[in-house]
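So you know, we letter chains A, B, ... as the sequences are listed, proteins then strands, and number each from 1.
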Amino acid sequence: MRRYSPKSIEPKWQKTWEDNGTYHAVDFDKEKPKYVMLTEFPYPSGSGMHIGHMREYTLGDVIARQKRMLGFNVLYPMGYDAFGLPTENYAIKNKVTPQKATEENINNFQKQLVSMGFSFDWSRSIKTTDPNYYKWTQWLFLRFFKQGMAYQAEIAVNWCPFCKTGLSNEEVVNGRHERCDTPVDKKLIKQWVLRITDYAERLIEGLNDLDYPKWIAEQQINWIGRSKGAEIDFKLEGHDESIKVFTTRPDTIYGATFMVLAPEHPLVGQITTEEQKVSVNTYVREAASKSDLERQESEKDKSGVFVGAYVINPASGERIPVWIADYILMGYGTGAIMAVPAHDDRDFAFATKYGLPIKYVVEPEYGDSLDGEIEKEAVVAILRDPETDEVLMLDWGPRKDRYGGMLFIGGGLDTGEDIIEGAKREITEETGYVNVRFNKGLPFSVHSHYYSNVKNANYYAKIHGVLFDLVDHEKVRPKLDEGEKGKFKTKWLPISKAEPDDEAHRQVFLSLLFGGALTKEGLMANSGKYDRLPSSVMRDKVIADLTSKGLAYERINYRLRDWIFSRQRYWGEPIPIIHCEKHGAVAVPDKDLPVKLPNITNYEPTHDGESPLASATDWVNTICPQCGGPARRETDTMPNWAGSSWYYLRYFDPKNSKQFASLDKLKYWQDVDLYLGGTEHITLHLLYSRFWHQFFFDLGLVPTPEPYKARRSQGIILAADGTKMSKSRGNIVDPTEVIDSGYGADALRLAVIFLAPYDQTTPWSPESLGGTFRFLQRVWNLVQEYNTSEGGTNESNDLKRVINRVVKRVSQDLLNLSFNTAIAGLMECVNDLYALKAQDSYSSVEWQWALETLAKLLAPFAPHMAEEVWEQLGGEQSIHLQEWPGYDDKFLVSDRIVIAVQVNGKLRGDVEVGADADQQSVEVAAKSDPKISRYLEGKVEKVIFVPGRIINFLVK
RNA sequence: GCCGGAAUGGCGGAACUGGUAUACGCGCACGACUCAAAAUCGUGUUCCUUUUAGGAUUGAGGGUUCGAUUCCCUCUUCCGGCACCA
């Protein structure tokens, strides 16, 4: 008997498949529906592929292979995303050219991919660094340019001092460059920028029609950060101009007690008064030199300077001072805000630090309006013992209907009664303490709808919160209403343990003892004619009123910034623009594309923010395509996100030299049916390529509005100890080593999939590789031992059931992308087959069918083993071109079933009955079982019977 | 702080629509084969107890239900994303 030896079968089939073009996708196949399975193409780094890559491609491969067997014309392509910083940095370090490094890395990657037995259509492979490819990247860029969607701007960009290049917003993670972890600086350079913000709304809207997991969609929505509000003009005192602010809370405009501008705001210089000039200039200079990281670190300690100017609040007519502070960002909204310290945490911190006024205009309201409620003024008094830092609470018993629970001292005010007097009276009446000192009152009221148990009435109270200090413990006898007597107990509690059950009480407590801004909705106060309106209503009203005076308009703002598209590096697609003195930036004519990246000797990045291409004088100096006059080429290159923004389209027509892809082929292949990739690209590549695609759709270049119909993300494989795999930790699992060690690609594929649900981050388990290898070995031996020569027609219902069951299970699990349980199902099936084999003749037409079916189910997961076994069983053609097996439910039912028996919900045993047994026969069977009947001695009150599953006796 | 996701044996994980929790694999223990080991095969393996049996158990606590890993409420912890975005 031959032993299972992956080394001798895997390379053989890999070669056969490639020679036969087994996995080539067919353009315009009329017989079969198309299916495009896409996995993110790799960045060919110097360190080779790791197990995480293999998880992604194996999952894609399983889907692609099964879809082929299900009768789809499957395109499962692969290519290389090879431009970009890491290769260039690697090349510089190892003193080779990026071209050479890329070539070597790709060769290495290719070898590894082939050794895994993936069913890629290699005839369509692409490289983003191939001039025949980047010609079209440049051509597509020029579509943006020609529509005014690519523009140049001198802006302060995120600058990576290590990579010496500007970065997009998306590439900065926690103030550091995501590729090299270097803290990012700001640098003012002229940049190419793509107007992705024009598509902000579309990028959100488009998600509605896509099959993306909710969390991925949310992450994109979050990143785009839509917020609706208003732009409002504040007139500058003594100037003609006014300053526009953006706010999402126009309802709080009466609470705006000062204004803050970003230090970079263009009006700062103009409006600063003579006496403030020195301090303002110093502050602006310091802010400019701070990096993002430093700005973030100063989050807790806000700083700013008064510029000496005042503006007029357009709603209240009040005169308020103008400050600058670096917590206001020039890049968002208008770079200026109306500061409402009472209702914004940041403004509150700022106002507290600089002693600016805090004016509350939105008052909290709790509960919904109740029938016949009585309006009243009330106090909630917090009595604090300064000696022990404890507060006095009243325990009214369990809370019900917004009444009772742990509360502070509270009660209604008599008509015309002073708040402090009234509070003092309540303290003494309810608790008996006489010597208390008023500490402070809340600068706003709290409104509460509630039902009073004591009075048996609905109330709507306007509550004044007051804080009193206990002077001494002298007490008189409390003076309680009849309804209050014996209803509560008083308790002194440390401040940290005081947790009032009523929201109004809690708000009073928190505001009195800890202060802070109120950021929630509520009722308007101190807002002139708008008083007592709900804040949400006020918001629309005040915008409407100001809009009618031409002082405001509604506006939507996005967190998303335009996409900085220039890199001051060598290893990227040259931006196909020529700068002419007369005509400015001129597009390279389409016929002159590609603008090839010249070979230069010194491609190291420069310190001054100029691309190394600038030194290639021969290449740079050219003539203007419009006037023929002297001109210079653009020397910045594209980011490595450029090539990957449209690569899936090129797979549809990879060799086309006339177009990026022909419309016919685009119409046939349409879009990607399932896109599998990493979570790290959700706000980078995935967002960028959706943007490109949407823009191309608008130009009529592609037939679908979105590139990827469905998206899934595989989880990360951690090292066995649960830490992240990384080169520095030295805990990376190298797939090539695993294959060469004798386990082979099939066992590795199974191990990677069997590990956990595909989308779950989970630690690698080297031992499980032994498990999947053993499983394959068992399959192998099952086939080797099977003897075709003595074949008979042995009818076995058990065999039929086992095979039909596994077909159903694997088919359904694959539909749900539940790959790990599909493998568990296959393992279970093999275990069952071994058991059957022991009792059976093990040589019949049916066994032949069973083994063939098993091989087909195994084919997507372990393609080499399946192919070899298929050949041994006498199968024709490749197994991967066979039809996916079907199943029939009628073989799944057995005539005897086991029903669980519960007594009072507790499992007491089970009975075996006929498959169609009714309640009565199950009851009889259960009662005749002595293990069960001993629990049924009492009176059986009720029986719950779920046919085929369970019977539950309720016994008294 | 805000938004998402998760928590089940020694470990990775399974459980359809509320219906026998712990499938499958790893590990471990014992046995067979062997001079021996590896490999392979077989048996057992949630925990506790006074072990022919009983009790507990899906992060914690409560609720709905005949019955809850599954539904509802409160909380804890972990992971991912965003974070001075007005």
Side-chain angles (χ1 to χ4, degrees), chain A residues 3 173-174 213-223 225-227 229 245-249 252 260 262 295-300 302 325-329 331-340 343-347 349-350 519 557-561 679-680 682-683 713 715-716 720 722 750-751 754-757 759-772 774-775 777-778 781 812 816 818 820-831 834 898-910 931 941-955:
Chain A
R3 266 187 78 80
V173 175
N174 293 327
K214 195 176 139 203
W215 64 273
I216 292 183
E218 297 251 324
Q219 217 164 293
Q220 288 207 340
I221 290 169
N222 237 318
W223 183 260
R226 181 186 201 271
S227 59
V245 301
F246 174 72
T247 177
T248 55
R249 291 294 300 272
T252 63
V260 193
R295 270 203 182 192
Q296 273 169 31
E297 273 160 11
S298 65
E299 187 177 331
K300 279 171 202 105
K302 301 218 169 353
D326 66 3
Y327 79 94
I328 301 307
L329 312 172
Y332 186 78
T334 59
I337 61 148
M338 60 176 209
V340 186
H343 304 291
D344 181 281
D345 291 325
R346 296 150 299 176
D347 298 344
F350 193 82
T519 55
N557 247 304
Y558 302 93
R559 206 193 71 102
L560 184 74
R561 306 292 151 87
T679 58
E680 69 275 22
I682 292 168
T683 53
S713 280
I716 298 163
L750 284 177
F754 185 56
L755 205 56
D759 55 353
Q760 196 169 304
T761 293
T762 200
W764 173 241
S765 147
E767 296 84 13
S768 87
L769 197 58
T772 54
R774 258 192 298 279
F775 163 68
Q777 211 165 38
R778 275 161 69 76
N781 291 340
Q812 284 184 348
N816 299 327
S818 182
N820 58 328
T821 56
I823 292 176
L826 287 167
M827 288 174 165
E828 224 166 312
C829 166
V830 169
N831 291 344
Y834 266 93
V898 173
I899 293 205
V901 182
Q902 293 185 341
V903 179
N904 291 336
K906 265 194 161 62
L907 184 72
R908 294 301 180 188
D910 45 41
K931 277 189 195 157
E941 301 226 305
K942 196 178 172 189
V943 181
I944 287 130
F945 177 64
V946 182
R949 290 199 183 272
I950 204 168
I951 187 159
N952 188 3
F953 295 93
L954 302 185
V955 180

What is the per-nucleotide protein-contact pattern of nucleotides 22-32 of chain B, from the 5' end, where B denotes a base atom under 4.0 Å from a protein heavy atom, S denotes such proximity for sugar-phosphate atoms only, and - denotes neither? -BBSSS-----

Identify the pairs formed between an N or O of the protein and an N or O of nucleotides 5-10 of chain B at a distance under 3.5 Å, and give each distance.
none

Starting from the C-alpha separation in whole Å, work towards a yes-or-no answer on side chain to side chain donor-acceptor pair (under 3.5 Å) for A:Asn222 and A:Arg559. CA-CA 9 Å; A:Asn222 237 318; A:Arg559 206 193 71 102; over 6 Å; no

Check every atom of [options] against the side chain of [X] and return the nucleotide holding the closest atom.
{"X": "A:Trp223", "options": "B:C84, B:U20, B:C82", "result": "B:C82"}
{"X": "A:Asn222", "options": "B:G81, B:G13, B:U20", "result": "B:G81"}
{"X": "A:Lys302", "options": "B:C84, B:G13, B:A86", "result": "B:C84"}

Can you list the residues that meet the side-chain contact (heavy atoms from CB on, under 4.5 Å) rule with [X], with sequence neighbours excluded?
{"X": "A:Arg561", "answer": "A:Asn169, A:Tyr332"}
{"X": "A:Ile216", "answer": "A:Tyr212, A:Pro213, A:Ile682, A:Leu686, A:Arg711, A:Ser713"}
{"X": "A:Ala336", "answer": "A:Ile243, A:Val245, A:Leu261, A:His265, A:Thr334"}
{"X": "A:Ile950", "answer": "A:Ala900, A:Gln902, A:Val946"}

Could you go through nucleotides 54-56 of chain B and list every protein N or O atom that sits under 3.5 Å from one of its N or O atoms, giving the distance for each pair?
residue: B:G54; atom: OP1; partner: A:Tyr935; partner atom: OH; Å: 2.4
residue: B:G55; atom: OP2; partner: A:Arg908; partner atom: NH1; Å: 3.2

Report yes if the side chains of A:Asp347 and A:Ile337 come closer than 4.5 Å at any heavy-atom pair, otherwise no.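 Yes, at least one pair of side-chain atoms sits under 4.5 Å.
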
Is A:Arg559 close enough to B:A83 that one of its side-chain N or O atoms is under 4.0 Å from OP1 or OP2 there?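 For A:Arg559, the contact criterion (side-chain N or O under 4.0 Å from OP1 or OP2 of B:A83) is met.
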
May I ask you to evaluate whether A:Gln219 reaches the phosphate of B:C3, defined as a side-chain N or O under 4.0 Å from OP1 or OP2?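 Answer no for this pair, as no side-chain N or O of A:Gln219 is under 4.0 Å from OP1 or OP2.
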
Using nucleotides 16-18 of chain B, report all nitrogen or oxygen pairs with the protein that are shorter than 3.5 Å.
residue: B:C16; atom: N3; partner: A:Arg949; partner atom: NH2; Å: 3.0
residue: B:C16; atom: N4; partner: A:Arg949; partner atom: NH1; Å: 3.2

Among all residues two or more places apart in sequence or in another chain, which pass the salt bridge (Lys or Arg N to Asp or Glu O under 4.0 Å) test with A:Arg226?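 If we apply the salt bridge (Lys or Arg N to Asp or Glu O under 4.0 Å) test to A:Arg226, skipping adjacent residues, the hits are A:Glu201.
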
Between B:G19 (C1') and A:Phe945 (CZ): distance, integer Å: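 About 12 Å, once rounded to whole Å.
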
Any residue meeting ring-ring contact (aromatic ring centres under 6.0 Å, His included) with A:Tyr327, in chain and number order, not counting sequence neighbours: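 ring-ring contact (aromatic ring centres under 6.0 Å, His included) list for A:Tyr327, sorted by chain: A:Phe350.
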
Kindly express the pairing pattern of RNA chain B in dot-bracket notation, using | wherever a base pairs with another strand and counting only Watson-Crick or G-U pairs under 3.5 Å. (((((((..(((......[....)))((((((.......))))))((((...))))..(((((..]....))))))))))))....

Do any N or O atoms of the protein come closer than 3.5 Å to N or O atoms of nucleotides 65-67 of chain B, and which pairs are they?
residue: B:C66; atom: O2'; partner: A:Asn952; partner atom: ND2; Å: 3.4
residue: B:C66; atom: O2; partner: A:Asn952; partner atom: ND2; Å: 2.6

